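A quick write-up on the structure given underneath.
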Amino acid sequence: MLDLRFIRENSDLVKEAVKNKGEDVNVDELLKLDEKRRKLISQAEKLKHQKNVFSEKIAGLKMNKKDFQADVEKMKEVSKSISELDKSLKQINEKLNELLLKVPNIPHASVPVGADESCNLEIRSWGELPRFDFEPRPHWEIGKILGILDLPRAAKVSGSGFLMFLGLGAKLERALINFMLDLHVKKHGYKEIFPPFLVNRSSMTGTGQLPKLEEDMYLTEKDDLFLIPTAEVPVTNIYRDEMLKEDDLPLNFASYTACFRREAGTYGKDTRGMIRVHQFDKVELVKFVKPENSYQELENLVDHAEEVLKLLGLPYRVRNLCTGDLSFAAAKCYDLEAWACGLGKHLEVSSCSNFEDFQARRIGIKYRTKKNNKPEFLHTLNGSGVALPRTMICILENYQTKKGTVKVPEVLKPYMDGIEEIE
RNA sequence: GGAGAGGUGCCGGAGCGGCCGAACGGGGCGGUCUCGAAAACCGUUGUUCCUUUUUGGAACCGGGGGUUCGAAUCCCUCCCUCUCCGCCA
């Protein structure tokens with residue numbers, strides 16, 4: 001959420017952001033409502049002041065056993081006007097808030113302007129694409145041959161778009177989770193969080209999934225709880241409506257969770273294998289930082305996510321997302337795309353975003369600054385470090401051998417009881 | 001799921017329906033004292049919004065609604081916490 005005052009004073013900038021991000025909000029209507037709102041507040045507050053003055057007068061008269069009936073009558077009128085004003089004010093506020101929640105964050109100056117992913121800017125790449133003296137298989141074949149992935153039975157049990165790992169496949173999944181958590185906790189200094197996987201509506205609204213993406217979420221209707229689409233939601237909401245101390249910052253959290261996405265509207269896209277699934281594992285990194293450091297922190301964050309891929313020996317590229325591809329709440333975002341040789345393409349395994357104070361304002365997280373002891377919104381960032389299924393795809397496909405086995409990446413061996421090869 | 005208790009400021013903890021943004025205690029900050037520190041004493045200590053040059057004004061005692069001229073204080077409702085009973089991984 002943007003500051004209303006900011007929108008008022010920088011309406012052109014906001015309109016441009018709305019356009020560049022391909023969002024649909026009527027900023028002028030919002031501004032009109034804001035003006036109306038302030039007028040009403042002024043009116044109501046004048047009356048409330050009157051009310052307070054009269055209340056005191058009545059209290060005084062009553063104490064001195066004097067007649068106050070005339071004033072009471074007058075007050076009735078005033079109170080009535082106040083409640084009418086408050087009522088329309090409430091309506092306006094609701095409408096205003098509704099619009100305000102639809103205004104996207106402003107892209108950072110370093111973000112390329114463009115309509116879609118074709119305008120994303122490649123920043124760098126790492127690693128050599130592996131070469132084979134045979135036709136590399138796609139991961140679903142490998143998984144089937146080795147008996148470590150059973151998609152048909154997953155579909156029987158739950159439906160299409162669900163995964164079932166077996167034996168060493170399940171172990172590899174667990175190995176990846178532990179490897180990533182250990183890396184971020186021990187080496188990069190993040191604090192590990194194991195949060196709830198179901199969250200309430202306020203949390204979902206706070207991080208910006210609602211109201212826009214309700215259709216993409218799994219909702220347990222009886223309790224109005226949502227299955228989390230990412231650990232970002234519970235972890236960022238940890239400090240909702242709280243005031244932190246400057247010395248608390250930065251806070252760095254690493255969190256493994258399952259993630260649940262309905263993927264509504266993506267039918268027919270990436271249907272084979274496990275590129276796009278309804279439930280997947282992910283290790284997420286979340287940062288709460290001082291505003292002046294947030295762009296440096298974004299670089300650190302990307303660096304930490306990249307290290308996962310480097311250590312796993314997976315070639316990847318980093319892209320600076322253009323305005324049209326940037327998510328609603330982000331000011332800047334880097335995508336990490338790892339190479340999957342069986343599929344013959346890059347797969348997005350991580351998104352690292354700086355939300356500046358957009359989420360913090362929406363969610364009410366401030367910190368008290370040392371310099372003037374005033375509360376200020378902090379900046380939030382998050383990034384996958386990294387998402388598992390696509391990483392698993394890359395490992396299976398890039399580490400496959402001619403005879404159909406899969407070599408275990410060096411860094412995962414300690415997590416696989418020293419197993420060298422899945423066969 | 002059943003029965004009860006409770007949610008007040010940074011924390012503890014008061015609060016006959018009007019002078020309560022809130023007693024009192026603790027903590028924090030500033031000062032006096034001291035070579036320094038402790039103790040003692042004095043002072044100070046929230047957020048948001050409107051107006052704005054300041055002055056000023058409004059709102060907030062878990063959330064929402066209601067009663068009343070007036071509500072932290074009464075009523076309804078939701079949420080949360082705690083205790084006991086039952087059930088259960």
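Keep in mind that the numbers below use all heavy atoms, side chains included, and drop hydrogens, waters and symmetry copies. Convention: sequence-line order gives letters A, B, ...; per-chain numbering from 1. Remember, it's a predicted structure, so these values are computed and weren't measured experimentally.
- The neighbour count for A:E73 CD, taken as heavy atoms of other residues, nucleotides or ligands under 6.0 Å away, is above 12.
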**Report entry** Pairing annotation in dot-bracket form, given for RNA chain B with Watson-Crick or G-U pairs under 3.5 Å and | for cross-strand partners
**Finding:** ((((((((.[[[..)..(.....]]]((((((.......))))))(((((.....))))).[[[[[..)....]]]]])))))))....
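- Each of A:V53 and A:M243 lies near RNA chain B, and the nucleotide nearest A:M243 is the one positioned closer to the 5' end.
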Tabulated below should be each protein N or O lying under 3.5 Å from an N or O of nucleotides 51-55 of chain B; please produce it.
none

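- The side chain of A:K366 lies closest to B:U48 when the candidates are B:A58, B:U48, B:G18.
- Nucleotides B:G17 and B:U68 have their C1' atoms positioned 9 Å apart, rounded to a whole Å.
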At a cut-off of 3.5 Å, list every protein nitrogen or oxygen paired with a nitrogen or oxygen from nucleotides 74-77 of chain B, distance to 0.1 Å.
none

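- Annotation: B:G18 and B:C74 have their P atoms spaced 12 Å apart (nearest Å).
- Both A:K51 and A:R368 sit near RNA chain B, but only A:R368 has its closest nucleotide nearer the 5' end.
- One can place CD of A:Q50 at 16 Å from C1' of B:G56, the figure rounded to the nearest angstrom.
- Remark: A:L99 CG to A:D34 CG distance equals 11.0 Å, nearest 0.5 Å.
- A gap of 8 Å separates the C1' atoms of B:G1 and B:G86, to the nearest Å.
- Ring geometry, A:H184 versus A:H188: the interplanar angle falls from 30° to 60°, so the pair is classed tilted.
- Between the NZ atom of A:K48 and the P atom of B:C60 there is a distance of 8 Å, rounded to whole Å.
- Remark: the backbone N or O of A:V111 is not paired with any side-chain donor or acceptor of A:K332 at under 3.5 angstrom.
- Using atom P as the reference point in both B:C84 and B:G15, the two lie 26 Å apart (nearest Å).
- Distance check on atom P: B:A72 versus B:G7 gives 16 Å, rounded to whole Å.
- In this structure, A:D247 places its CG atom 19 Å from P of B:C10, rounding to the nearest Å.
- A salt bridge does not link A:E420 to A:K407: none of the charged side-chain nitrogens sits closer than 4.0 Å to a carboxylate oxygen.
- Around CD of A:E421, the count of heavy atoms belonging to other residues, nucleotides or ligands within 6.0 Å exceeds 12.
- Spacing of P atoms, B:G26 relative to B:C78, comes out at 41 Å, to the nearest Å.
- Atom NZ of A:K90 and atom CG of A:N97 lie 12.5 Å apart (nearest 0.5 Å).
- Here the C1' atom of nucleotide B:C79 and the CG atom of A:D224 are 13 Å apart, to the nearest Å.
- The distance from the OG1 atom of A:T380 to the CD1 atom of A:I363 is 7.0 Å, given to the nearest 0.5 Å.
- In this structure, the separation between NZ on A:K310 and CD on A:E307 is 7.0 Å, given to the nearest 0.5 Å.
- Rounded to whole Å, the C1' atom of B:A14 lies 13 Å from the corresponding atom of B:G9.
- In this model, a side-chain donor or acceptor of A:E45 finds a partner on the base of B:G57 within 3.5 Å.
- Rounded to a whole Å, the NZ atom of A:K46 is 10 Å from the C1' atom of B:C50.
- Residues A:L40 and A:S88 have side chains in contact (heavy-atom distance under 4.5 Å, counting atoms from C-beta outward).
- Phosphate proximity of B:G57 to A:H49: absent, as no side-chain N or O sits under 4.0 Å from OP1 or OP2.
- One interatomic measurement links the two molecules: NZ of A:K62 to P of B:U68, which rounds to 15 Å at whole-angstrom precision.
- Separation of the C1' atoms belonging to B:U44 and B:U48 is 22 Å when rounded to the nearest angstrom.
- A:N52 comes within contact range of the sugar-phosphate backbone alone, with a heavy-atom separation under 4.0 Å but no base atom that close.
- Rounded to an integer number of Å, the gap from CZ of A:R361 to C1' of B:U48 is 13 Å.
- A parallel orientation is assigned to the rings of A:F253 and A:Y239, their planes being inclined by less than 30° (bins at 30° and 60°).
- Within the 4.5 Å cutoff, the side chain of A:S327 has no heavy atoms near those of the A:C333 side chain.
- Applying the 4.0 Å criterion to OP1 and OP2 of B:U68, one finds that A:S79 has every side-chain N and O outside that range.
- Distance check, rounded to the nearest 0.5 Å: CG of A:D28 to NZ of A:K15 gives 3.5 Å.
- If you check every strand for non-hydrogen atoms under 4.0 Å, A:K245 touches nothing.
- As a whole-Å value, the separation of A:I41 CD1 from B:G57 P is 18 Å.
- In the set B:C49, B:G65, B:G18, B:G65 carries the atom at the smallest distance from any side-chain atom of A:K90.
- In this model, the phosphate group of B:C69 is not approached by any side-chain N or O of A:K80 to a distance below 4.0 Å at OP1 or OP2.
- The environment of NZ in A:K57 is sparse: at most 12 heavy-atom neighbours from other residues, nucleotides or ligands sit within 6.0 Å.
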